[in-house]
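Input: a single structure, listed below in structure tokens.
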Amino acid sequence: MKKILLILMLLVCIHFSNAQTSAKAKTDLAPTPPMGWMTWNYFGTGINENIIREIAEAMASSGMVKAGYDHIMIDDGWQGGRDNKNNIIPDPKKFPSGIKALADYVHSKGIRLGIYSDAAQLTCAGYTASLGFEEQDAKTFASWGIDYLKYDYCHAPSDSNTAKIRYKKMADALRNSGRQIVFSICEWGGRQPWFWAAGVGGQLWRTTGDVRDSWGSMMHNLDINANLEKFAAPGHWNDPDMLIVGLRGSKGPAGDLGGTGCNDIEYQSNMSLWCIMASPLIATNDIRNMNEEAKRILLNDEAIAIDQDVLGKQGERKIADSVWNVFVKPLADGDVAIAILNRSSASQNVSINFKNLGLDDKYQVRDLWQHKTTGIAKGFKGKVLSHETKLLRLKKISSK
Ligand code: GLA
């Protein structure tokens with residue numbers, strides 16, 4: 001009897017430790033929001049291995065890698081069909097040395113490599129995709145040393161059930177591929193993936209359509225993503241699409257549909273708002289030719305620390321009127337981050353009592369764009385420029 005009891009207890013222990021390991025393995029793939037750079041919004045399908053190598057060098061030399069942007073994602077347009085064994089292959093003109101050699105090079109710079117496919121026969125730009133070849137493609141990606149897969153949903157049926165089945169199929173295939181590969185679900189929010197994407201094996205899911213290089217597009221994506229804070233946590237994240245910082249109205253997909261560019265205050269808001277929402281930070285500007293402002297914004301380590309905070313809370317939008325949006329994000333060390341956005345077309349003064357945000361204490365206030373501690377306060381009073389976002393870090397001083 002004693003023996004049976006002991007065996008039973010042992011089995012229970014093994015069961016729980018397995019469950020813990022698998023939960024941990026899932027979180028380990030994206031314990032904080034993924035960071036990196038993606039080809040799409042600047043280069044479109046006009047990509048090749050030289051561009052990726054140059055970007056990798058620029059990512060390392062500009063400080064992007066050191067700041068945490070540790071992925072390069074190759075988006076649509078890399079594919080060259082399938083070989084006579086149905087293995088997916090890169091376009092031999094764009095990637096003559098193959099993806100494995102490129103991955104080795106990118107890895108040598110301390111950067112992970114991401115790639116792109118689609119849950120149908122063709123991708124959004126009309127290239128070869130993975131439907132029916134999930135296992136084979138996942139193994140191919142693993143053999144190349146791929147670390148991240150963005151999986152799109154063009155040319156696929158619109159119902160949610162099919163989407164769940166197709167995304168799960170690829171997530172399972174990645175898990176069986178023998179390599180840890182982050183799975184990024186990209187069906188643009190239409191089937192409310194925040195309810196099911198983590199369950200089928202995604203580490204992040206797009207909540208919105210494609211971002212364009214304009215203030216209106218940024219606000220559109222913000223308004224969708226801002227209501228989804230309860231679905232984000234370590235291991236799985238809402239993705240309101242790439243950062244448009246530094247694009248400056250350049251040609252490329254983000255330049256379409258009114259994407260004529262933003263000013264630097266607006267790009268700074270993009271960074272602040274994506275950080276307060278614990279969004280993936282995926283730049284898409286030409287890293288080889290960044291101006292000082294783009295660097296200042298993308299490399300703000302104090303803003304990045306808010307995004308990457310290990311508590312993994314997406315900031316909650318506590319005030320949302322036509323002028324002011326105020327977000328509150330609790331941090332792992334007990335500090336609180338606040339973002340105050342002026343959406344109007346005029347500079348305005350504002351006075352915000354922290355109490356009205358549920359913050360009852362006195363705080364030491366640090367302005368994360370000025371990189372300055374501004375004093376001890378129970379609120380924020382000051383001018384916020386049109387389309388500016390103040391990003392503050394509050395440290396509790398005393399109770400009441
Ligand atoms: C869709 C995605 C974009 C990009 C393109 C590529 O539009 O949402 O992010 O990947 O496809 O064709």
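Atoms within each ligand, like the ligands themselves, are counted from 1 in listed order.
Protein heavy atom at the shortest distance from atom 12 (O) of ligand 1 is D76 OD2, 2.8 Å. Among protein heavy atoms, the minimum distance from atom 4 (C) of ligand 1 is reached at D75 OD1, 3.5 Å.
Of the charged side-chain nitrogens involved, at least one lies within less than 4.0 Å of a carboxylate oxygen, so that D335 and R393 count as a salt-bridged pair. Under a 4.0 Å N-O distance rule, the pair D137/R82 qualifies as a salt bridge. By the 4.0 Å N-to-carboxylate-O rule, R296 lies too far from E292 to be salt-bridged with it.
When D152, D239, T39 are ranked by how near their heavy atoms come to atom 2 (C) of ligand 1, first place goes to D152.
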Next on the checklist: Could you walk me through whether E266 and H387 satisfy the side chain to side chain donor-acceptor pair (under 3.5 Å) test, starting with their C-alpha distance in whole Å, then the side-chain angles of each, then the deciding distance to 0.1 Å, before giving a yes or no?
Outcome noted: CA-CA 6 Å; E266 294 169 336; H387 297 178; 2.6 Å; yes
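H155 and Q121 share no donor-acceptor pair across their side chains, judged by distance under 3.5 Å alone.
Residue contacts with ligand 1 include D210, since one of its heavy atoms falls under 4.0 Å from the ligand. Distances from ligand 1 to the non-hydrogen atoms of K150 include at least one value under 4.0 Å.
Residue C186 touches ligand 1 through its side chain alone, judged by heavy-atom distances below 4.0 Å.
Less than 4.0 angstrom separates some heavy atom of C124 from each of these atoms of ligand 1: 1 (C), 11 (O), 12 (O). Short contacts between ligand 1 and A125, defined as distances under 4.0 Å to a heavy atom of the residue, involve ligand atoms 12 (O). Which parts of ligand 1 touch R206 is read off a 4.0 Å heavy-atom cut-off, strictly below it: atoms 8 (O), 9 (O).
A distance-only check finds no donor-acceptor pair linking the side chain of N353 to the backbone of N356 [under 3.5 Å].
Remark: aromatic rings of W144 and W78 are close, center separation under 6.0 Å.
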